[in-house]
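Down below is the structure, laid out as structure tokens.
Keep in mind that what you see is a predicted model, and the values were worked out from it rather than measured. Naming convention: chains lettered A, B, ... in sequence-line order (proteins, then strands); numbering from 1 in each chain. FYI, side chains are in, hydrogens and waters are out, and symmetry mates aren't considered; it's all heavy atoms of this structure.
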Amino acid sequence: MQIHINGEKHIVDRGTTLAALVETLGSDPRGIAIERNLEIVPKSEHGTTILEDGDQLEVVQFVGGG
Amino acid sequence: MQIHINGEKHIVDRGTTLAALVETLGSDPRGIAIERNLEIVPKSEHGTTILEDGDQLEVVQFVGGG
Amino acid sequence: MQIHINGEKHIVDRGTTLAALVETLGSDPRGIAIERNLEIVPKSEHGTTILEDGDQLEVVQFVGGG
Amino acid sequence: MQIHINGEKHIVDRGTTLAALVETLGSDPRGIAIERNLEIVPKSEHGTTILEDGDQLEVVQFVGGG
Amino acid sequence: MEDNNAAAEGLSDDFLIVAGRSFSSRLIIGTGKYETYAQNAEAARAAGAEMVTVALRRVNLSNHDEDRLTDHVSPQDYTYLPNTAGCFTAEDAVRTLKLAREAGGWDLVKLEVLADQKTLYPDMQETLKAAEALISDGFEVMVYCSDDPVYARRLEEAGCCGIMPLGSLIGSGLGIQNPVNIRLIVEQSRVPVIVDAGVGTASDAAIAMELGCDGVLMNTAIAEAQDPIMMAKAMKNAVIAGRQAYLAGRMGKKRYADPSSPLAGLI
Amino acid sequence: MEDNNAAAEGLSDDFLIVAGRSFSSRLIIGTGKYETYAQNAEAARAAGAEMVTVALRRVNLSNHDEDRLTDHVSPQDYTYLPNTAGCFTAEDAVRTLKLAREAGGWDLVKLEVLADQKTLYPDMQETLKAAEALISDGFEVMVYCSDDPVYARRLEEAGCCGIMPLGSLIGSGLGIQNPVNIRLIVEQSRVPVIVDAGVGTASDAAIAMELGCDGVLMNTAIAEAQDPIMMAKAMKNAVIAGRQAYLAGRMGKKRYADPSSPLAGLI
Amino acid sequence: MEDNNAAAEGLSDDFLIVAGRSFSSRLIIGTGKYETYAQNAEAARAAGAEMVTVALRRVNLSNHDEDRLTDHVSPQDYTYLPNTAGCFTAEDAVRTLKLAREAGGWDLVKLEVLADQKTLYPDMQETLKAAEALISDGFEVMVYCSDDPVYARRLEEAGCCGIMPLGSLIGSGLGIQNPVNIRLIVEQSRVPVIVDAGVGTASDAAIAMELGCDGVLMNTAIAEAQDPIMMAKAMKNAVIAGRQAYLAGRMGKKRYADPSSPLAGLI
Amino acid sequence: MEDNNAAAEGLSDDFLIVAGRSFSSRLIIGTGKYETYAQNAEAARAAGAEMVTVALRRVNLSNHDEDRLTDHVSPQDYTYLPNTAGCFTAEDAVRTLKLAREAGGWDLVKLEVLADQKTLYPDMQETLKAAEALISDGFEVMVYCSDDPVYARRLEEAGCCGIMPLGSLIGSGLGIQNPVNIRLIVEQSRVPVIVDAGVGTASDAAIAMELGCDGVLMNTAIAEAQDPIMMAKAMKNAVIAGRQAYLAGRMGKKRYADPSSPLAGLI
């Protein structure tokens with residue numbers, strides 16, 4: 001199925017959890033935050049959150065800024 | 001009957017019009033504005049406006065200001 | 001004979017007066033000043049001043065300046 | 001005999017040396033400078049300098065200043 | 001009074017246009033703090049002013065012989081700009097200006113909603129609210145405001161016909177505190193920008209105009225000068241001078257010197 | 001040209017008096033850097049100037065048809081103030097002014113002895129030496145100087161008829177760098193003090209006059225403005241405005257606000 | 001890092017207390033515009049900073065080896081102050097800070113809602129709206145704002161734990177444009193006032209502190225200096241110097257001179 | 001006292017070198033106007049000063065128990081810089097410094113020849129004359145002078161080992177009146193330039209150093225602060241901060257804003 005991550009299309013298998021996705025993305029789960037369809041998904045729920053077709057994800061982290 | 005003009009008590013006869021009052025007050029009707037119970041009374045209606053007991057009047061004019 | 005005017009060499013006939021020179025130079029005598037060998041020559045003496053070989057002349061006038 | 005020190009009259013015995021005077025004045029010779037009749041007397045000569053009648057002495061030291 | 005004004009100085013085609021009205025003078029003066037209305041009138045003439053701000057207050061019923069502003073500075077000779085000085089809420093300001101319109105029949109007004117007595121700084125939230133209410137009620141609103149360029153833009157978008165940022169606190173005489181913000185407001189505005197408050201002396205007024213402002217409004221600087229009439233003349237000339245300098249386009253600034261006399265032809 | 005000047009602005013009895021000569025204009029302008037002498041003349045008229053500084057240079061023998069300053073800005077209409085721009089020693093300055101006197105017959109001059117090409121800062125030692133020599137030779141000396149109040153006093157004691165401290169470097173347009181020193185010079189001087197050099201725009205000229213100066217001399221600020229004629233008008237009005245503000249006596253500065261409308265009678 | 005900070009300078013009992021947290025450094029630095037995060041970290045150490053502002057941005061999914069801020073300027077060593085730079089509405093700012101809280105678990109944040117890209121001037125209406133929403137959601141809000149003392153008061157009344165008025169436009173380096181307003185804000189505030197934006201060099205930071213501010217936040221002044229590490233040291237010392245000067249109470253200003261050496265006992 | 005000074009701040013290789021002597025502190029303080037010599041000594045320590053100016057006065061013969069400067073601020077710990085405060089002629093200044101050399105045995109001195117009691121402005125003619133006499137007599141002369149760059153050059157050419165232009169009048173606390181001239185002096189000088197007089201608070205000292213000066217000398221700013229010891233610390237840090245900012249090279253100034261957070265990756 002297809003989802004959007006940070007505005008880009010991605011294909012993922014049905015039943016993929018957010019935690020699994022983060023791992024495949026290879027990004028360190030510490031220090032990131034995820035918004036799914038404009039709702040923040042707490043880290044504690046990454047493992048139990050099943051992605052659905054058309055999900056809009058925002059995956060953000062801290063960068064330098066003034 | 002008793003009314004208030006600019007915050008002060010005044011005794012006027014029943015049936016007194018606003019126009020008559022202004023005259024007795026000796027103030028030049030030109031360049032003043034009157035508010036009766038928070039409603040502005042246009043000059044055109046001064047002659048036909050009968051004061052009532054307890055009326056609250058504000059009679060104002062232009063003064064120097066920055 | 002040879003003289004210098006404003007730093008440039010000029011050939012003039014013996015006996016030439018300053019007044020004559022000014023005329024040949026075509027410059028209006030009014031509003032100019034002449035220094036001959038570092039000595040100012042008043043206008044009144046232009047007519048009687050005979051130039052000599054090697055004279056150093058400065059002929060100046062007013063120009064725009066701040 | 002009479003001398004002036006910093007503008008004030010003082011009576012001293014004939015033959016008094018500058019060194020002796022400084023001692024009687026009770027001021028610490030270190031850090032002071034003495035001018036005798038507008039001439040500086042080096043510390044090295046205080047012992048051999050005999051005061052004379054009418055001498056004008058300036059005895060100065062360092063004080064706070066900006 | 002054209003011959004007293006910019007026109008006479010060779011700016012005959014340079015007018016301040018506010019809400020469709022055209023003025024040859026870019027100096028607006030207040031009518032407070034003068035020793036007498038007579039002095040006030042003389043100062044207005046000396047300043048070459050065409051607009052004056054006025055306040056609305058209760059008629060003094062106990063004394064009818066009180067000197068009247070209108071008898072000295074006549075609305076026939078000067079465009080009255082009723083203000084809302086002393087109003088600390090949008091509601092008070094709107095009520096005051098409705099009375100002013102009834103009293104004088106004018107709809108061109110100067111709105112100011114102040115936040116506190118100590119600073120008389122504008123309360124921008126209430127000011128914007130009052131401006132919207134007045135404009136929807138048909139008033140032409142010139143508005144006293146902070147030098148916040150964002151709020152200045154909002155006030156223009158709301159339909160104000162004149163933006164009047166403070167130079168510094170009312171009556172302080174501290175001049176133009178923040179020329180950068182005034183410049184930003186001038187650059188973005190399509191309605192006249194008139195510095196209101198803070199001018200203390202002639203050069204302050206000139207500086208405001210050199211920043212590109214369309215006019216200056218002042219009261220204390222003239223009324224509290226040792227010689228108000230002379231200062232009124234000074235301000236008139238300063239506003240014209242600053243305007244002309246802005247139109248002329250100043251020279252660049254240089255770190256070192258640059259001679260004004262030719263280097264050629266030195267003896 | 002009285003009606004163009006201070007007189008017309010209600011200062012009919014306020015004259016700048018230098019070496020016994022009386023002027024209604026307090027603005028002196030230079031005659032360098034203009035595109036043409038015609039523009040120069042128009043600027044002088046627009047500025048309402050009565051005095052202009054001029055330089056002395058070698059006649060161009062190879063071209064007699066060159067435009068002449070005197071044909072446009074006539075010594076009949078303007079008091080010429082021969083300067084010594086370009087002189088870096090007292091000797092050169094004295095020699096130059098003696099030629100100027102012979103050329104024009106005038107003994108009122110503007111002395112300047114400069115220290116270096118980069119800053120054109122006055123060399124005060126040479127300046128004082130030249131002033132003494134010129135005064136003993138019968139000249140009336142207006143003197144360009146630093147803003148050192150001690151040297152200003154020396155120059156006045158030497159007999160100079162006008163003290164002309166710089167506002168900032170010649171041609172820099174940086175305005176009045178040190179108002180404290182200018183004020184000290186104004187307070188101590190009994191001859192006219194005229195700020196010379198540094199003025200960049202109208203407000204700079206007004207500030208100089210507000211400090212109590214008797215006049216302002218400028219060249220680049222007008223000649224290098226994008227519109228020199230308009231800037232000349234601006235400077236004329238700025239000098240008058242600053243003078244009037246000085247005479248009027250400005251309001252005091254306050255840390256907080258002070259309302260201009262009465263607090264009594266609020267509805 | 002106490003020994004690098006005020007404590008070491010004899011101010012051991014002078015702490016900046018924000019939302020119950022205590023800091024010995026009054027200098028907060030941004031983490032943008034540095035050549036590398038390594039340089040950024042070195043500057044933070046040199047500045048003796050204890051708080052840094054950070055931005056929240058999308059993870060770059062195409063490059064996992066990108067250098068990470070957290071690896072150089074660790075949240076273990078510095079208090080992170082998530083900002084909302086780039087947000088132009090209250091809604092965006094609130095959304096961004098909720099994500100920041102989820103990412104870092106911190107509720108102390110720096111709110112800024114900007115009006116436009118050209119000036120980055122704060123939109124005070126949206127800023128107040130966002131502050132109220134965040135505070136009711138449990139955030140501790142330090143807020144970037146204009147120097148409008150009325151809005152500063154509103155923001156404090158809304159519950160903000162730090163008022164951060166601009167000195168001048170973000171990244172402009174124009175210093176403290178309006179010291180009068182900053183002083184008014186300092187006088188009225190019971191929470192820390194921290195000048196944010198505009199500081200260009202050390203003396204600007206000292207001036208902010210001398211006005212009585214509790215701290216200074218800067219980014220460009222350090223990051224864009226030719227030697228950022230040296231400038232970081234300069235800023236650390238300037239903030240301490242300004243704080244100490246404020247606590248010491250400066251001498252009065254005098255119009256004339258006053259000798260420092262005794263007049264008595266002159267030879 | 002190295003650890004109190006620049007060295008400790010990471011400037012271990014940045015020394016002020018005057019007449020072959022090397023100092024890690026760039027702050028020179030006067031020893032006048034303090035309540036007691038004890039306070040004076042504490043301030044000197046807090047300022048991290050290594051050089052102090054001192055005056056020479058008549059010994060008080062009627063009171064031998066008077067507190068002595070040398071007992072509190074010892075010439076063993078501080079380089080004494082005998083001054084000529086109170087001298088109004090070259091002759092007096094030379095006589096005073098010869099006595100100082102006899103009293104202390106030092107030839108490094110601070111020359112000042114003043115013009116009048118009201119302004120204490122330097123008399124540059126007498127100052128140059130005195131400098132020449134002292135140098136030919138073997139003194140190392142640091143010289144208090146006006147901000148006239150031409151005279152500063154002459155004094156350096158005469159052999160002075162330190163140029164000390166005033167920031168503003170002695171004891172006035174008006175800061176650096178003319179940064180343009182100070183900059184010109186810094187650019188041209190090959191000996192240390194030390195701003196002397198006028199500094200009122202920490203930022204003034206930082207500004208002097210940011211202009212590129214090699215040091216700052218002050219007395220009243222510390223002695224007349226409400227808390228002289230705290231102000232001494234402030235000045236120490238301000239001088240270091242200003243020096244570091246000068247060495248770091250400040251960011252450029254911009255007319256508009258420039259964001260410090262990345263625009264990429266916004267959600």
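Contact count versus chain F (heavy atoms, under 4.5 Å) is highest, among H:P149, H:S168, H:S172, H:S146, for H:P149. Heavy-atom pairs under 4.5 Å with chain H were tallied for F:R153, F:K118, F:M124; the largest tally goes to F:R153. Interface check for chain H: of the options F:L174, F:D147, F:T119, F:D116, the most heavy-atom pairs under 4.5 Å are formed by F:D116.
In this structure, chain H has a heavy atom under 4.5 Å from the side chain of F:E187, while its backbone stays farther away.
Between H:N181 atom CG and F:L169 atom CG the span is 6.5 Å, to the nearest 0.5 Å.
For F:Y246, the OH atom sits in a loose shell: 12 or fewer heavy atoms of surrounding residues, nucleotides or ligands are nearer than 6.0 Å. Residue-environment remark: NZ (H:K98) stays at or below the threshold of 12 foreign heavy atoms within 6.0 Å.
Of all heavy-atom pairs between H:P122 and F:V150, the closest is O-CG2, 3.7 Å.
For the pair H:D123 and F:R154, the salt-bridge criterion is met [side-chain N within less than 4.0 Å of a carboxylate O].
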